[in-house]
Amino acid sequence: MPRYELSLILKAMQRPETAATLRRTVETLMERGAVVRDLENLGERLLPYKMTKHNEKHIRGTYFLVDFYAAPKILEGLLDHLHRDVDVVRPAVLKKDEQAPKANCCGNRNEKND
Amino acid sequence: MLCVRRLRSLKTALYVSVNPGSRSLTSEIIQMENPYKEPQKGCTLCNVTVDFKNIQLLSQFVSPHTGRIYGRHITGLCGIKQKEVSKAIKKAHSLGFMSVTHKHPQFMKDPNICGIKHLD
């Protein structure tokens, strides 16, 4: 199964509510047959710009990163579900690239020219 | 007349240098790698993964006043890395990690990689 990354920005809430939202999200993922690999908390910070979502202007938010393995067909449904969640400000699913930096990325090209 | 003399002198000069008795230089040339070759210089982001989450790194390639992405002639990055950085910055903008119109004040004191001097 391909590996995805869910970048989640949650509304600035108290700790128990944030925990409940996260729990809900991960449970949704698991219900749809995804295997959650890693959950990272990037902290609560001031958002780079005011975001309007669910008729509310958000200035602060908590950033989370969820690594998971899933089938590609669940992604549409998952994103739809996340957009409808009131506590989520900005969800985004991205593919995870498993590439280490190519050795001598600049050096290779120079050698080819020679 | 003069040209003919010069040609003759040229001819004799050429023939004198090649002495059939001694070993000629052409057979003694040893093939070797250029000993004065300098190590390959990569761009500043050679072997550094560029990620949209790493906004501190990305902010170094962005103007502090307007938040605009610097061009290749200013950053000095190679083609591949410049494209990667540009794409990562745009991704960070859309996902809500980095501001579009300015540079985060926390990163204003970072060392200047790009060859640009601000009149501050």
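Keep in mind that what you see is a predicted model, and the values were worked out from it rather than measured. Chain naming here is simple, since letters A, B, ... match the order of the sequence lines and numbering starts at 1 in each. Heavy atoms only: backbone and side chains are in, while hydrogens, waters and symmetry mates are out.
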Heavy-atom pair of closest approach, residues B:Met98 and A:Tyr49: O-CE2, 3.7 Å
Heavy atoms of other groups near A:Asn55 CG, more than 12 under 6.0 Å: no
Contacting moiety of B:Thr101, where chain A heavy atoms sit under 4.5 Å: neither
Atom NZ of A:Lys53 with >12 non-hydrogen neighbours under 6.0 angstrom: yes
Hphob cluster co-occupancy, B:Ile113 + B:Ile116, side-chain heavy atoms under 4.5 angstrom: no
Residue B:Arg68 excluded, over 12 heavy atoms near CZ under 6.0 Å: no
CD/A:Gln14: more than 12 non-hydrogen atoms of other groups inside 6.0 Å: no
Separation between OG of A:Ser7 and CZ of B:Phe97, rounded to the nearest 0.5 Å: 3.5 Å
Interchain contact, A:Glu5 with chain B, by part (heavy-atom threshold 4.5 Å): side chain
In one Ile/Leu/Val/Met/Phe/Trp/Tyr side-chain cluster, 4.5 Å: B:Ile69, B:Val50: yes
Most contacts with chain A, counted as non-hydrogen pairs under 4.5 angstrom, among B:Lys53, B:His104, B:Lys91, B:His102: B:Lys53
Least distance between heavy atoms, B:Ser99 atom then A:Pro48 atom: N-CB, 3.4 Å
Whether over 12 other heavy atoms sit under 6.0 Å from B:Lys83 NZ: no
Straight-line distance of B:Leu95 CG to A:Leu8 CG, nearest 0.5 Å: 11.5 Å
Pairs of heavy atoms under 4.5 Å with chain B: top-ranked of A:Leu46, A:Leu94, A:Leu47: A:Leu94
Donor-acceptor pair, side chain of A:Tyr63 and main chain of B:Gly96, under 3.5 angstrom: yes
